[in-house]
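One structure is given here, and the rest of the page talks about it.
Treat the numbers as computed from the prediction; the structure is a model and nothing was measured.
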Amino acid sequence: MADNTVKIDRYLISKLFPQRTADSNKGTYGTVLNIAGSIYYPGAAYLSSISALKSGCGLVRLATESSVIPITAANSPDITFLDLGQNEIGTIPKDAFKILKNIKSPSCISIGCGLSTLAPVREFVIKFLKNYIDSTIPVIIDADAINILSSENNKPLPLNSAVTPHLKELSRLLGVSVEEIQSDRIKWAKEASGKLDCIVVLKGLNTIVSIPNGNVFVNTTGNSALSHGGTGDVLCGMIAGFAAQGIKLEDACVLGVYLHGRAGELASKKLTKYSTLASDVVKFIPEAFKEFV
């Protein structure tokens, strides 16, 4: 590995893993504002929200389309909600930004899981990101929010942000073929973080965390059990959960990818790589954490 490339291993995670204090409350560990979900992908809203909570943040507020709320609430009594309304096509309306504009600043924001890329959502996402362009609040941009950004010439990326693409999403962001990116994933992750001036988490075998300063972290956990829909939503939630606790965003990304991969490994030992679903990975987050507590 090059001098500025670091392996994400057990030793590194043991140094970064956050400690809990006896004299604390939910405010101590921060609030995630998770903007996620649509009638088409209600599971993404649940998976990203519950994973943030499982990663130790104090509170998750899921801002979502109205029909997603009862579905998510039925799966978890621990998530709180902000109803953004709904339109006739089953997504959040374009003027939902007005509702979010007046809420108290969260500790961390995640946006994109299961939102869809339909016209009202596109308008909302761009307007929302522009509003946070100079904010120091950490913002994790995933899934549909990445795809929406891909079609923008001037991408409104907040000052303290991370994008979490898989190969196809990075291909859209950079206008480079999947095959070319796959041939040198570290090179293209670095290219993206430099060009976009944000942290890039390129998902896949040995997930890469690339920092705009040129530093690169390469993960050592995970297996093909994570090749199921929804596991990316789990990762997004885990990174957000760590960042909400006041952990530097690049460290939150490093913690998230390692422990997400480790949870997948532990789940697959019991359930096999074939049958481990995203919801199973969530259940094994505590088992991954136990190795560092």
Between [X] and [Y], is there shared hydrophobic-cluster membership here, with clusters defined by ILVMFWY side-chain heavy atoms closer than 4.5 Å?
X      : Y      : value
Tyr41  : Ile148 : no
Tyr11  : Val216 : no
Ile133 : Phe128 : no
Leu255 : Val60  : yes
Ile186 : Val163 : yes

Would you mind checking if Lys203 and Asp142 are paired as a salt bridge, meaning a charged N to carboxylate O distance below 4.0 Å?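 Yes, this pair counts.
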Considering only distance and modelled atom types, tabulate donor-acceptor pairs under 3.5 Å from the side chains of residues 239-254, sequence neighbours left out.
unit_1: Gln245; atom_1: NE2; unit_2: Ser55; atom_2: O; d: 2.8
unit_1: Gln245; atom_1: NE2; unit_2: Gly241; atom_2: O; d: 2.9

For atom [atom1] of [X], decide whether the heavy atoms of other residues, nucleotides or ligands shown that lie under 6.0 angstrom number more than 12.
X      : atom1 : result
Phe217 : CZ    : yes
Asn25  : CG    : yes
Asn154 : CG    : no

Checking the side chain of [X] only, and the main-chain atoms of [Y] only, is there a donor and an acceptor separated by less than 3.5 Å?
X      : Y      : result
Ser48  : Gly237 : no
His166 : Gly232 : no
Asp184 : Glu180 : no
Arg185 : Leu167 : no
Ser224 : Ser227 : no
Thr91  : Val121 : no
Gln86  : Ser66  : no

With a 4.5 Å cut-off on side-chain heavy atoms, are [Y] and [X] touching?
X      : Y      : value
Leu33  : Ile103 : yes
Pro158 : Ile141 : yes
Glu291 : Leu266 : yes
Leu149 : Leu129 : yes
Leu100 : Ile35  : yes
Ile39  : Val68  : no
Leu173 : Ile146 : yes
Ile181 : Leu202 : yes

How about [X] and [Y]: does a side-chain donor come under 3.5 Å of a side-chain acceptor?
X      : Y      : answer
Ser151 : Arg172 : no
Asn147 : Thr117 : no
Asp23  : Thr21  : no
Asn34  : Ser49  : yes

For the atom pair [atom1] ([X]) and [atom2] ([Y]), what is the distance rounded to the nearest 0.5 Å?
X      : Y      : atom1 : atom2 : result
Met238 : Cys57  : CE    : SG    : 11.5 Å
Leu277 : Leu271 : CG    : CG    : 8.0 Å
Leu159 : Tyr132 : CG    : OH    : 14.0 Å
Asn206 : Asn219 : CG    : CG    : 7.0 Å
Lys270 : Ser275 : NZ    : OG    : 13.5 Å
Asp83  : Phe81  : CG    : CZ    : 10.0 Å

Begin from the C-alpha positions of Ser24 and Tyr29 and carry the test side-chain hydrogen bond (donor to acceptor under 3.5 Å, both in side chains) through to its verdict. CA-CA 8 Å; Ser24 61; Tyr29 304 111; 3.0 Å; yes
Test log, rule side-chain hydrogen bond (donor to acceptor under 3.5 Å, both in side chains), inputs Asp9 and Thr220: CA-CA 6 Å; Asp9 57 16; Thr220 58; over 6 Å; no
Begin from the C-alpha positions of Asn160 and Ser135 and carry the test side-chain hydrogen bond (donor to acceptor under 3.5 Å, both in side chains) through to its verdict. CA-CA 7 Å; Asn160 187 21; Ser135 172; over 6 Å; no
Nearest heavy atoms of [X] and [Y], plus distance in Å:
X      : Y      : answer
Ser268 : Thr276 : CA-OG1, 3.3 Å
Lys195 : Leu174 : CD-CD2, 4.1 Å
Pro42  : Thr72  : O-OG1, 4.3 Å
Lys190 : Gly214 : CE-O, 3.7 Å
Gly90  : Ser38  : O-CB, 3.6 Å
Ala263 : Phe284 : O-CB, 3.6 Å

Using the side-chain contact (heavy atoms from CB on, under 4.5 Å) rule, take Thr207 and Val201 through it: C-alpha gap first, then chi angles, then the decisive distance, then the call. CA-CA 7 Å; Thr207 291; Val201 179; 3.7 Å; yes
Between Phe289 and Arg262, is there a cation-pi geometry (under 6.0 Å to ring centre, at most 45° from the normal)?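 Judged by the rule, Arg262 and Phe289 form no cation-pi pair.
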Please test Glu152 against Lys155 for salt bridge (Lys or Arg N to Asp or Glu O under 4.0 Å), starting from the C-alpha separation and ending with a verdict. CA-CA 6 Å; Glu152 295 290 310; Lys155 299 176 180 20; over 6 Å; no
What residue among Leu235, Val281, Asp233 forms side chain to side chain contact (heavy atoms under 4.5 Å, CB included) with Leu47?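 Result: among Leu235, Val281, Asp233, Asp233 is the only option passing the side chain to side chain contact (heavy atoms under 4.5 Å, CB included) with Leu47.
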Show your working on side-chain contact (heavy atoms from CB on, under 4.5 Å) between Glu265 and Thr221 and close with a plain yes or no. CA-CA 7 Å; Glu265 290 173 348; Thr221 61; 3.7 Å; yes
Please assess Thr231 against His260 for the test side-chain contact (heavy atoms from CB on, under 4.5 Å), listing each intermediate value before the final yes or no. CA-CA 9 Å; Thr231 57; His260 174 259; 4.0 Å; yes
Could you walk me through whether Ile140 and Thr164 pass the side-chain contact (heavy atoms from CB on, under 4.5 Å) check? CA-CA 7 Å; Ile140 297 94; Thr164 55; 4.0 Å; yes
Would you call the rings of Tyr258 and Phe292 parallel, tilted or perpendicular, taking 30° and 60° as the class edges?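 Geometry flag for Phe292 against Tyr258: perpendicular rings.
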